[in-house]
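Convention: sequence-line order gives letters A, B, ...; per-chain numbering from 1. Keep in mind that what you see is a predicted model, and the values were worked out from it rather than measured.
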Number of protein chains: 2
Amino acid sequence: MNPIFHALFQKSRYLTNCLNEVLKQHHLYSSQWAILYCLHKNGSMTLTQIWKYLNVEAPSITRAITRLETLGWVERLDGEDKREKIVTLSAQAEERLPAIMDTILAFEEEMVGSLTTEEQQQFMMLLEKMKG
Amino acid sequence: MNPIFHALFQKSRYLTNCLNEVLKQHHLYSSQWAILYCLHKNGSMTLTQIWKYLNVEAPSITRAITRLETLGWVERLDGEDKREKIVTLSAQAEERLPAIMDTILAFEEEMVGSLTTEEQQQFMMLLEKMKG
DNA sequence: TCTATTTATTTAACTAGCTAAATAAATACT
DNA sequence: AGTATTTATTTAGCTAGTTAAATAAATAGA
């Protein structure tokens with residue numbers, strides 16, 4: 001068994017666990033953060049736009065949005081096309097995002113700061129060179 | 001948001017999905033394969049040895065072993081220390097392992113074959129250079 | 001116009017990780 | 001010896017991904 005896969009899976013799991021740990025202070029999980037960041041960057045989006053952007057399946061997003069809605073982070077609005085739901089950040093979310101972003105930046109610096117910019121580019125290049 | 005994390009998580013998810021896909025022909029999931037491979041390599045192991053080796057929490061292994069046991073891949077035996085359970089591969093599993101290993105080798109070649117040995121080492125080195 | 005197909009979302013059920021707490025056996029301490 | 005602590009496993013319940021199938025609205029075609 002090629003150790004690359006084991007190492008890659010381990011690191012991925014380890015990093016999401018760490019991310020969840022630092023996000024605890026904001027009462028968020030990493031998958032919830034991914035959606036909030038996506039909405040912050042792109043503005044209001046339909047569910048389909050979100051899952052295509054994050055490259056996960058629709059039901060994962062439906063469930064996460066439902067949770068974020070009950071927690072007051074987002075709102076679901078009917079679209080002009082009655083099939084689609086438009087998701088927007090709540091005022092409360094907009095207010096809290098800067099502090100969360102600070103947390104994330106510190107986390108990233110801690111995790112990946114030991115790599116030079118060239119090494120980071122090298123890493124991305126190698127990742128992309130794997131099939132898929 | 002540093003794109004390294006997104007890329008890493010995506011690739012990890014993509015590779016496990018691919019692995020699950022090729023393992024379908026053997027009616028196995030990737031996490032089940034990880035345990036079977038571990039037992040093949042190390043011989044009989046206690047649950048604790050397995051979860052420490054695979055670096056996941058104990059309940060994940062308890063559940064996976066229960067499933068593998070009902071499917072006939074492994075057996076749970078009482079240890080001399082009555083607290084521990086010793087897990088062994090079934091005869092059926094031993095019989096089927098070579099074919100599964102062929103599948104896995106082909107999968108690895110497909111996924112990572114486009115990288116030279118140096119690139120693979122480079123990749124591992126960069127992974128390890130990240131904190132953790 | 002009516003029907004068939006496509007598209008957006010949701011629901012159900014599965015694997016797979018996690019933490020926290022329960023249980024039972026072994027070990028350590030007085 | 002008897003109690004307290006540690007260790008191994010399990011159970012319960014959570015996030016988070018997946019596929020398959022249901023529902024409802026929009027679109028395309030006869």
Side-chain angles (χ1 to χ4, degrees), chain A residues 6 8-24 26-36 45-71 73-74 76-87, chain B residues 6 8-24 26-36 45-71 73-74 76-87:
Chain A
H6 195 239
L8 178 64
F9 297 151
Q10 293 281 340
K11 189 62 75 171
S12 172
R13 214 152 41 73
Y14 173 76
L15 288 171
T16 53
N17 289 345
C18 290
L19 188 47
N20 279 324
E21 193 56 41
V22 301
L23 282 173
K24 258 187 192 161
H26 303 287
H27 311 288
L28 276 176
Y29 287 95
S30 55
S31 66
Q32 298 173 328
W33 158 250
I35 292 172
L36 296 184
M45 297 171 86
T46 65
L47 275 161
T48 299
Q49 286 173 325
I50 296 174
W51 67 256
K52 287 193 172 161
Y53 182 86
L54 294 176
N55 197 29
V56 297
E57 299 303 321
S60 306
I61 299 301
T62 292
R63 186 174 45 195
I65 293 293
T66 302
R67 190 88 188 92
L68 285 171
E69 196 178 27
T70 69
L71 294 170
W73 291 96
V74 303
R76 244 198 206 91
L77 310 170
D78 285 341
E80 193 182 322
D81 180 332
K82 290 283 178 58
R83 289 171 304 180
E84 57 189 28
K85 300 287 171 62
I86 293 163
V87 184
Chain B
H6 194 238
L8 179 63
F9 296 151
Q10 292 280 342
K11 189 62 73 170
S12 173
R13 210 151 45 71
Y14 173 75
L15 287 171
T16 54
N17 288 346
C18 289
L19 188 47
N20 279 324
E21 193 56 40
V22 300
L23 282 173
K24 258 186 191 161
H26 303 287
H27 310 290
L28 276 176
Y29 287 96
S30 54
S31 65
Q32 298 173 329
W33 159 249
I35 292 172
L36 296 184
M45 298 171 87
T46 66
L47 274 161
T48 299
Q49 287 173 324
I50 296 174
W51 66 257
K52 286 191 172 161
Y53 181 88
L54 294 176
N55 197 29
V56 297
E57 299 303 320
S60 305
I61 299 301
T62 292
R63 185 174 45 194
I65 293 293
T66 302
R67 190 87 188 93
L68 284 171
E69 196 178 26
T70 68
L71 293 170
W73 291 96
V74 303
R76 244 198 207 89
L77 309 170
D78 285 340
E80 193 181 322
D81 180 333
K82 290 284 176 58
R83 291 171 302 180
E84 55 188 30
K85 299 287 171 61
I86 294 163
V87 185

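- A sub-4.0 Å separation between OP1 or OP2 of D:dT18 and a side-chain N or O of B:R13 is present.
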For nucleotides 1-5 of chain C, give me every protein contact, N/O to N/O, under 3.5 Å, one pair per line with atom names.
none

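- With sequence neighbours excluded, the residues forming a side-chain hydrogen bond (donor to acceptor under 3.5 Å, both in side chains) with A:S12 are B:S12, listed by chain and number.
- The interatomic distance linking B:N20 (CG) with C:dC14 (P) rounds to 16 Å, in whole Å.
- At a threshold of 4.0 angstrom between heavy atoms, the contacts of A:S60 include nucleobase atoms, whether or not backbone atoms are also involved.
- Judged as a side chain to side chain contact (heavy atoms under 4.5 Å, CB included), and not counting sequence neighbours, the contacts of B:E69 are B:V74, B:R76.
- Rounding to the nearest 0.5 Å gives a distance of 10.5 Å between NZ of A:K85 and CG of A:L77.
- The side chain to side chain contact (heavy atoms under 4.5 Å, CB included) check on B:S30 picks up B:L19, B:N20, B:L23, with sequence neighbours excluded.
- Summary of the strand contacts: B:A58 and B:A64 both lie near DNA chain C, and taking for each the nucleotide with the nearest heavy atom, the more 5' one is attributed to B:A64.
- Residues forming a salt bridge (charged side-chain N to carboxylate O under 4.0 Å, His left out) with B:K52 (at least two apart in sequence, or on another chain): none.
- Among the protein residues, B:R63 comes within range of the nucleic acid bases, having at least one heavy atom under 4.0 Å from a base atom.
- Residues satisfying the salt bridge (charged side-chain N to carboxylate O under 4.0 Å, His left out) criterion with B:E21, sequence neighbours excluded, are B:K24.
- In this view, A:Q32 and A:L28, A:Y29, A:R67, A:L68, A:L71 satisfy the side chain to side chain contact (heavy atoms under 4.5 Å, CB included) rule, not counting sequence neighbours.
- Note on B:T66: nothing from the nucleic acid sits closer than 4.0 angstrom, heavy atoms only.
- Among residues two or more places apart in sequence or in another chain, the side-chain hydrogen bond (donor to acceptor under 3.5 Å, both in side chains) test is passed with B:Q10 by A:N55, B:H6, B:R13.
- No engagement by B:T16 is indicated, since no non-hydrogen atom pair under 4.0 Å with the nucleic acid exists.
- Residue A:T62 is in base contact, counting any heavy-atom pair closer than 4.0 Å across all strands shown.
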Review item, nucleotides 21-25 of chain D N/O atoms under 3.5 Å of protein N/O:
none

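- Backbone-only engagement by B:E84 is indicated by non-hydrogen atom pairs under 4.0 Å involving sugar-phosphate atoms exclusively.
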